[in-house]
Amino acid sequence: MNIVVLVKQVPDSGSERGLSADDKTVDRGSANNVINEMDEYAIEEALKIQEAHGGEVTVLTVGPQQAAESIRKALSMGPDKAMHVVDDALHGSCALATSKVLAAAIGRLSPDLVISGAESTDGRVQVIPHMIAERLGIAALTGARKLVVDGATLTVERQTDEGYEVVTAATPAVVSVWDTINEPRYPSFKGIMAAKKKPVETLSLADLGIAADEVGLSGASSAVVEAGKRPPRQGGTKVTDEGDGGVKLVEFLASEKFV
Amino acid sequence: MTPGVAMTSLDLLDLDSLHSDEERQIRDVVRRMVDERVRPFVAGWYEDGEAPVRELIKQFGSIGLLGMHLTGYGCAGASAVAYGLACLELEAADSGVRSMVSVQGSLAMYAIWRYGSEEQKRAWLPAMASGEAIGCFGLTEPDHGSDPASMATRARRDGDDWILSGGKMWITNAPVADVAVIWARDPEGIRGFVVPTDTPGFTAREIRHKMSLRASATGEIVLDDVRLPDSARLPEGRGLRAPLSCLTQARYGIVWGALGAARDCLSVALDYAVSREQFGRPIAGFQLTQAKLADMALELQKGYLLALHLGRRADAGSMTPEQVSVGKLNNVREAIAIARQCRTILGANGISGEYPILRHANNLESVLTYEGTSEIHQLVVGQKLTGLSAFS
């Protein structure tokens, strides 16, 4: 089973992040850039399936030149090769445009399975896997906490607020995973040393037959109009118990829509 | 993981830039594993005097940490510098945890890799690299520490077999080991043997009441007429040079490792000094505290340059035992001085198990004397300078 794993480089969610002042895109210069955390679970799931069923695992990244560093780190966990779509015109692309680029790249790889993290820690849009599946005309099994591969049948436990749903589909399909699905392995030293020698194919938009004006800030279907800092934390509300503390607590929780 | 403010600001000279991406990646993986699997628990292990050695060794084996600088037989084949960085990150958590890895990789595995038969290598190295098998190294004896040439453990022939009798002391990993590399004397000199610890006559007793390296298993080995086939003998391991060459490997790891303990102390002391207020302001603002911090940061960076220099020489195949003595003598001496100085910055909190500082300082007391005492390393350097041996 050949698998493509979508890997995105994002600013470290543990450090101060922001949008650049001029075009309100993610400021990649000011933060430590890392693999999107949820994507490590996607890589782990792909590797586990490969260990059980064979085939090849390819990392696919759309991102600037510096994302090559995250691709090497992803490869050090064990995937066989990578594809990196890099093009200046991609800067500021919306989710729709990004899904178009990813779908075109996936089309060249024709995998049996595409696995991604359920969301990225920068955009947190969660729609890219659905959009890719729609563009490729294949099933989308999203938000998985468990994935079972049986021949050409995929069974997923789809995590919801209340519990989970069991959904199935035939390959090829797109599966997105939450961090409940597995425990990502540490890259091994052999993996780190081998990653340097693994093939990384670099493609431009022209290679994928996509015009520059279909993507980027100018081709975006949505625009960030304004961004502001989160307001500073307010002082808490003190509830004094005068025999009616319980009632006051419930009233507070109800006013905040917790109950 | 994002390094804390203190850890980043300690690299005054941007020595990080001297490393390759590969070295930094290996270092980051070890740091992450240590942060997730060791740091949250190590104070408890130290307090209890008991560490989950077998479980830890398996985790370290899973990333290729054990015997990582050796090639073939399941070993990662990483550089000496990468191995040094790994030792530093391990010892930043605890010297006992680094000792566990040093003994496995640099002493037990290295001895078999360098002096063993093909059969011995195939039998033990892959299992030791993965952490399935734990090794220890028996050279030191109760009455023979700095002077191993006078060892009392004997090997004698009995038909085609060998019989080992005697005892070894202060042997890291011995209570949990599956295999021991044992050095013994026969009429022709010193020989090494690969001894499965379930061989009749072999016993290892855990040494208790240690005030140092409490998160490490240390044992006394008794060899009561242990009968071994000739295939257990390390065919290339003859003379004292063989075990001493293993010690050079382990000492090299200590040159880096000690810096880890020192870095952890300084990092904690720096954070503490910035946030601790006395007389209405952070104690880091007082000149005496800044002088301490500056002097310690200098020694840490100088020690790092020394370690890196040795590492690059090791990778080029030109590192000599005297140079390793320079490194161990300097870096352990400075590390323990840093630990003690940091303890003064923390005041009473400096002695608390809530902070790692006195644990590091106490651990470094062992590191100061094991694998060659500071005094022996002074004598090695002295002999190199003068051409006169003070101990023969």
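These values consider heavy atoms only, across backbone and side chains, with no hydrogens, waters or symmetry-generated copies. Chain letters run A, B, ... following the sequence lines, proteins first and then strands; every chain starts at 1.
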Within a radius of less than 6.0 Å around [atom1] of [X], do more than 12 heavy atoms belonging to other residues, nucleotides or ligands occur?
X        : atom1 : result
B:Glu354 : CD    : no
A:Asp150 : CG    : no
A:Glu56  : CD    : yes
A:Asp88  : CG    : no
A:Lys146 : NZ    : no
B:Arg54  : CZ    : yes

- Item | chain A contact via B:Met68 - side chain, backbone, both or neither, heavy atoms under 4.5 Å |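 Contact with chain A: side chain only.
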
- Message: Below 4.5 Å, heavy-atom pairs only: which of A:Met193, A:Arg185, A:Arg72 has the largest tally toward chain B?
- Response: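 It is A:Met193.
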
- Item | Sub-4.5 Å side-chain heavy-atom contact between A:Phe189 and B:Val30 |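 When only atoms from C-beta onward are counted, B:Val30 and A:Phe189 do touch, with a gap below 4.5 Å.
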
- Message: For a 4.5 angstrom cut-off between non-hydrogen side-chain atoms, does B:Gln25 reach A:Pro187?
- Response: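 No, too far: nothing below the 4.5 Å cut-off.
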
- Task: Rounded to the nearest 0.5 Å, what's the gap from OG on A:Ser76 to CG on B:Asp28? Could you check?
- Result: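 CG of B:Asp28 is found 10.5 Å from OG of A:Ser76.
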
- Atom pair NZ (A:Lys196) and CG (B:Asp21), whose distance is rounded to the nearest 0.5 Å: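 Spacing of NZ (A:Lys196) from CG (B:Asp21) equals 9.0 Å.
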
- Query: Which pair of non-hydrogen atoms, one from B:Ser62 and one from A:Ser188, has the smallest distance, and what is that distance?
  - Reply: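 That would be O-CB, 4.1 Å.
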
